[in-house]
Amino acid sequence: MTAGLLNPELLYLFKPFLDVFIPVFLFIIISLYFYFSLVFVSIAKKLKYNKPWLAWIPIIRRVIILQLADFSWLWIFLILVPIIGWLAL
């Protein structure tokens, strides 16, 4: 009998949980991605942004938000810096 986290008996006990949890979790994540992408596309269209389809790309979505809010282009680069980027958004 093996000990530790990779014990086959423990994996056998968690398999029904994982068979339900992983698909539900993926469904929720994908649903949220589509919802927020559609929201940002509609916002970009209402504000007459040139390329609203760019809202489907997660990192570019933040750039669009800053551009629509008339922030300086320097703020776009600050997103890439970890701690300062959080303050930029």
Side-chain angles (χ1 to χ4, degrees):
M1 182 172 262
T2 60
L5 293 175
L6 296 177
N7 187 346
E9 293 173 2
L10 287 176
L11 291 176
Y12 180 74
L13 290 174
F14 285 110
K15 183 163 179 15
F17 171 73
L18 293 176
D19 287 343
V20 172
F21 177 75
I22 291 175
V24 169
F25 180 74
L26 287 175
F27 176 76
I28 291 171
I29 294 298
I30 292 170
S31 298
L32 287 173
Y33 169 75
F34 276 107
Y35 173 74
F36 284 110
S37 294
L38 287 173
V39 166
F40 284 118
V41 166
S42 66
I43 290 172
K45 284 181 181 177
K46 286 182 182 180
L47 293 176
K48 296 182 175 107
Y49 189 72
N50 294 339
K51 300 173 185 170
W53 57 269
L54 287 175
W56 288 95
I57 304 170
I59 295 176
I60 306 295
R61 183 184 307 157
R62 293 189 175 104
V63 173
I64 292 172
I65 293 169
L66 291 175
Q67 287 178 348
L68 290 174
D70 291 330
F71 277 79
S72 172
W73 60 273
L74 292 173
W75 285 96
I76 296 169
F77 293 112
L78 287 177
I79 292 175
L80 302 175
V81 180
I83 295 175
I84 298 173
W86 299 335
L87 298 174
L89 292 176

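Remember, predicted model here, so these are calculated numbers, not experimental data.
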Test log, rule side-chain contact (heavy atoms from CB on, under 4.5 Å), inputs Tyr35 and Ser31:
CA-CA 6 Å; Tyr35 173 74; Ser31 298; over 6 Å; no
As a quick check of understanding, evaluate side-chain contact (heavy atoms from CB on, under 4.5 Å) for Tyr49 and Ile64, giving each step before the final call.
CA-CA 8 Å; Tyr49 189 72; Ile64 292 172; 3.8 Å; yes
Please evaluate residues Tyr33 and Ile29 with respect to the criterion side-chain contact (heavy atoms from CB on, under 4.5 Å), reporting the C-alpha separation (whole Å), side-chain torsions for both, the decisive distance (0.1 Å), and the verdict.
CA-CA 6 Å; Tyr33 169 75; Ile29 294 298; 5.7 Å; no
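Atom CD1 of Ile65 sits about 11.0 Å away from atom CD of Gln67, to the nearest 0.5 Å. The CG atom of Leu68 sits 13.0 Å away from atom NZ of Lys46, with the distance rounded to the nearest 0.5 Å.
Note on Ile60 and Trp53: same hydrophobic cluster, where clusters join Ile, Leu, Val, Met, Phe, Trp and Tyr whose side-chain heavy atoms are under 4.5 Å apart, directly or indirectly. Ile30 and Phe21 end up in different hydrophobic clusters when Ile, Leu, Val, Met, Phe, Trp and Tyr side chains are linked at under 4.5 Å. When the side chains of ILVMFWY residues are joined at heavy-atom separations under 4.5 Å, either directly or via intervening members, Leu47 and Val41 end up in two distinct hydrophobic clusters. No chain of hydrophobic side-chain contacts below 4.5 Å, direct or via other Ile, Leu, Val, Met, Phe, Trp or Tyr residues, connects Phe27 to Leu38.
A pairwise comparison of heavy atoms in Ala55 and Arg61 identifies O-NE, 3.0 Å as the closest pair.
Taking the six-membered ring where the residue is Trp, the centroids of Trp56 and Phe36 are separated by 6.0 Å or more.
Around atom CD1 of Ile59, no more than 12 heavy atoms belonging to other residues, nucleotides or ligands sit under 6.0 Å away.
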